[in-house]
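Working notes, structure below.
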Amino acid sequence: MPRYSKEFIAEIKSRLRVSEVVGKFVKLTQRGNEYIGLSPFKNEKTPSFTVNDEKEFYHCFSSAEHGDIFSFLMKHKNMSYPESIEYLGRQAGMDPERGIIRDANYVEKDFSSLKKILNEANNYFRDQLNRSNEAQRYIEKRSIDEKTIKEFDLGYSGSGYNNLYNYFKSKGMNIEDAISIGLIKKSTKKEGEYYDFFRNRFMFAIKDYKSNIIAFGGRALDNSSIKYINSSDSPIFKKSFQLYNLNLAINENRRPKDLIIVEGYMDVITLYQNNFKAIVAPLGTALTSYQLERAWKVCENPIIMFDGDEAGQKAAQRVSTLALNNLLPDHSVRFCLLPKDYDPDDYLKRNSSANLQSIIDNSLSLSEFIWMSELNKEDISTPEKKAGFEKRIKSLTEKINNKIVRAYYAKFFGDKIRDLKFGKDFSKSSKFNFKKGGVSQEILASDRVQEQSHDSAVREKIILISLVENPFLIPRYLEDLGKIRFNDLNLLSLVSEILEFSASNGDKELENFDLKSYLIKRGLNREIKYIFQPKLVSTYSSIINNSREKVEKSFTSLLDLHNSLLAESDLDIAFNDLEEKMDEKSFENFMRIKIESINKN
């Protein structure tokens, strides 16, 4: 049977989550930082099987089975150890042949000496930081505080030709090991001479997700033409696989909701100091598929925040293409667009963290970003340019390897291209042409209300919040409320209770009535919490809490907007049905809805 190297096995484990492997055979449900499911080793009705990605093991309480991804396959699928390595190597996208030991005299390497040298180098760099006025000026210029210096193990290389080499010699370190991890280089000009790879550079310790130092990066503090350099690949460091700061990014929460990927070391440090903790960066190169997969291990939908200049936007577009090739169900990326020519550091010097959080909250989905990027590449006012644009969009969709995701993207872009072909202009469409004098400025100011043409959840919540906070509206618009089609089924019990309340209190003055408390007493606490989300209430406060006249005007505008969008949605559905079936019944249905829509407007 083949024998595999420790490096190959470790690389497999770094690429695959335990839940990802086990989940192919056991239905798992997430509970906190763990997953639970029914035991694959013993029949049971109550789940006792747990998986912990952080600790890289599974445990079955009913059968006492315990182990890692390899032992799971050995026990559950009756594989041998080499068979499990080969199977998982292929699942991780690796060639098992590459990991086979072919030399009969091969001895597994012990990398403890390399780790010792890296830690010794880190001690040296930290000591040099305190001795260098130039490094201290850089710290002051970039506003790096003492706590961050310690947390990130920042340092200074020193400016000498071979000071680190001499330091290693004085400590009895193996120079060949120092060469293998890229800290020391052999001179090609003088026999037997060595020099330091990092000279006059501000140093960044690169760590694995367990906080072990595995390499270094350095920023020039002089006029060097190469601003940033990194350690070369070594037996314990592969640049294309690692993400800078992943160890601290997942320190507080192993599965952050918003993992932000920025361009470089200082972007990470600036954002981290401004309380954006879940922040990582590639290591001086374009983001790789391996780094994206590593990000997906901790966050299913990370956010790309690159610089707002032309180079940053081109890099973001490259990431969008990379992501398309690797998309999986439930896994994607979002794009946070900074103002033109701003990087995260520039932005935070001129704006608050809250302002940046607002931009992050409005990040574009991958599909939206691709559509916008392609649309803005060139003028598509002529039929030929439109045809070229359609061809580019379709070719991008074909890059998606996962069939399920590809089908949904084809549908998404297909719908948008159809709108483009038929000249659909949302700024002139019927949704803004209302009989009651137009939509109030508060409604129009909200992008989120306007963009819900296919998802009415936000509008429906605002309508109900307006009624609960302003009960005087209920008797005036009772008939309208009864006719509204609510797509969010969670709201139906609340609507029913409001209608019943109105029927019982039709002759009472309701302006000062505390309807919210009444509904909670009626057992609708969960529904009230569901619609009264603090961010939602804050965003639409000018609609909900205002003078009676303005509240009523906003409310009627919102009703008209909601009904118009639903009618337009019905028309879209009927059109799609007609395109697909092309039969008489579908045509009649489309024409009926079309005529109704025209009559309403």
Side-chain angles (χ1 to χ4, degrees), residues 1-26 28 35 40-41 51-58 65-112 114-115 180-181 208-210 212 214-215 232-243 246 282-283 285 287-298 322-329 331 399-405:
M1 282 191 176
R3 199 170 143 228
Y4 293 92
S5 68
K6 284 184 178 178
E7 301 102 293
F8 186 76
I9 294 168
E11 194 169 325
I12 292 173
K13 292 183 78 171
S14 74
R15 291 200 193 186
L16 297 175
R17 296 190 297 267
V18 184
S19 61
E20 188 178 351
V21 174
V22 174
K24 287 182 175 290
F25 309 99
V26 181
L28 298 173
Y35 293 83
F41 307 111
V51 170
N52 191 308
D53 285 334
E54 179 187 346
K55 297 177 181 177
E56 299 182 343
F57 67 69
Y58 66 86
E65 294 287 0
H66 179 96
D68 60 11
I69 52 177
F70 303 103
S71 66
F72 177 81
L73 291 178
M74 292 166 67
K75 292 169 183 175
H76 183 56
K77 305 305 290 183
N78 202 29
M79 291 183 184
S80 65
Y81 184 47
E83 285 172 340
S84 72
I85 295 172
E86 181 182 354
Y87 177 90
L88 292 173
R90 295 189 189 282
Q91 185 175 332
M94 299 163 64
D95 180 7
E97 292 292 316
R98 188 169 63 83
I100 295 176
I101 299 169
R102 304 192 184 280
D103 183 356
N105 299 315
Y106 178 85
V107 177
E108 291 284 3
K109 294 178 181 178
D110 179 7
F111 296 124
S112 60
L114 302 186
K115 294 175 181 177
S180 74
I181 54 178
D208 63 19
Y209 75 99
K210 294 181 180 178
N212 300 306
I214 53 175
S232 53
D233 282 5
S234 74
I236 60 174
F237 172 62
K238 299 288 185 291
K239 182 163 59 176
S240 61
F241 285 86
Q242 301 296 330
L243 288 168
L246 184 60
L283 300 171
T285 61
L287 190 73
T288 68
S289 59
Y290 304 117
Q291 290 166 332
L292 181 59
E293 286 171 10
R294 179 149 288 198
W296 276 340
K297 281 188 176 184
V298 299
L322 173 74
L324 277 178
N325 290 326
N326 293 276
L327 283 180
L328 295 170
H331 291 75
K399 293 178 183 291
I400 302 172
N401 291 315
N402 186 277
K403 291 181 180 179
I404 299 173
V405 179

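- Side-chain atoms of Gln291 come within 3.5 Å of backbone N or O of Lys239 as a donor-acceptor pair.
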Can you list the steps and then say if Arg15 with Glu293 is a salt bridge (charged side-chain N to carboxylate O under 4.0 Å, His left out)? CA-CA 8 Å; Arg15 291 200 193 186; Glu293 286 171 10; 5.1 Å; no

Trace of the side-chain contact (heavy atoms from CB on, under 4.5 Å) decision for Leu327 with Asn402: CA-CA 7 Å; Leu327 283 180; Asn402 186 277; 5.6 Å; no

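- Ser240 is not listed as a side-chain neighbour of Thr285, based on a closest heavy-atom distance of 4.5 Å or more.
- Closest approach of Ala323 to Leu292, counting heavy atoms only: CA-CD2, 3.8 Å.
- Contact detail for Pro96 and Phe8: the closest heavy-atom pair is CA-CZ, 3.7 Å.
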side-chain contact (heavy atoms from CB on, under 4.5 Å) evaluation trace for Ile12 with Ile85: CA-CA 8 Å; Ile12 292 173; Ile85 295 172; 3.9 Å; yes

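- Side chain of Asp68 to backbone of Glu56: no donor-acceptor contact under 3.5 angstrom is found.
- Counting non-hydrogen atoms of neighbouring residues, nucleotides and ligands closer than 6.0 angstrom, the CZ atom of Phe237 exceeds 12 such neighbours.
- Summarising the local packing, CG of Leu328 is surrounded by more than 12 heavy atoms from other residues, nucleotides or ligands at distances under 6.0 Å.
- Applying the 6.0 Å contact sphere to CG of Asn78 captures no more than 12 heavy atoms from other residues, nucleotides or ligands.
- At a cut-off of 3.5 Å, with distance as the only test, no side-chain donor of Asn326 or Ser289 sits close to an acceptor on the other residue.
- Of the possible polar contacts, none joining the Arg17 side chain to the Asp53 backbone as a donor-acceptor pair under 3.5 Å is found.
- Note on ring orientation: taking the six-membered ring where Trp is involved, the planes of Phe57 and His66 are tilted (angle from 30° to 60°).
- Here the shortest heavy-atom pairing between Ser234 and Ser180 reads CB-O, 3.5 Å.
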Full working for side-chain hydrogen bond (donor to acceptor under 3.5 Å, both in side chains) between Gln242 and Arg294: CA-CA 8 Å; Gln242 301 296 330; Arg294 179 149 288 198; 3.3 Å; yes

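- Using cut-offs of 30° and 60° on the angle between ring planes, the pair Phe41 and His76 is perpendicular.
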For Leu88 and Ile9, what are the C-alpha separation, side-chain angles and deciding distance, and is it a side-chain contact (heavy atoms from CB on, under 4.5 Å)? CA-CA 9 Å; Leu88 292 173; Ile9 294 168; over 6 Å; no

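- The shortest distance between side-chain heavy atoms of Leu28 and Val22 falls below 4.5 Å.
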Please determine whether side-chain contact (heavy atoms from CB on, under 4.5 Å) holds for the pair Phe241 and Glu11, giving the CA-CA distance in whole Å, both sets of side-chain angles, and the decisive distance to 0.1 Å. CA-CA 10 Å; Phe241 285 86; Glu11 194 169 325; 3.4 Å; yes

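- Without hydrogens or angle criteria, Lys24 side chain to Glu20 main chain gives no donor-acceptor distance under 3.5 Å.
- With contacts defined as side-chain heavy-atom distances shorter than 4.5 Å, the pair Pro40/Phe25 does not qualify.
- Closest non-hydrogen pair, Val51 versus Val18, comes out as CG1-CG1, 3.7 Å.
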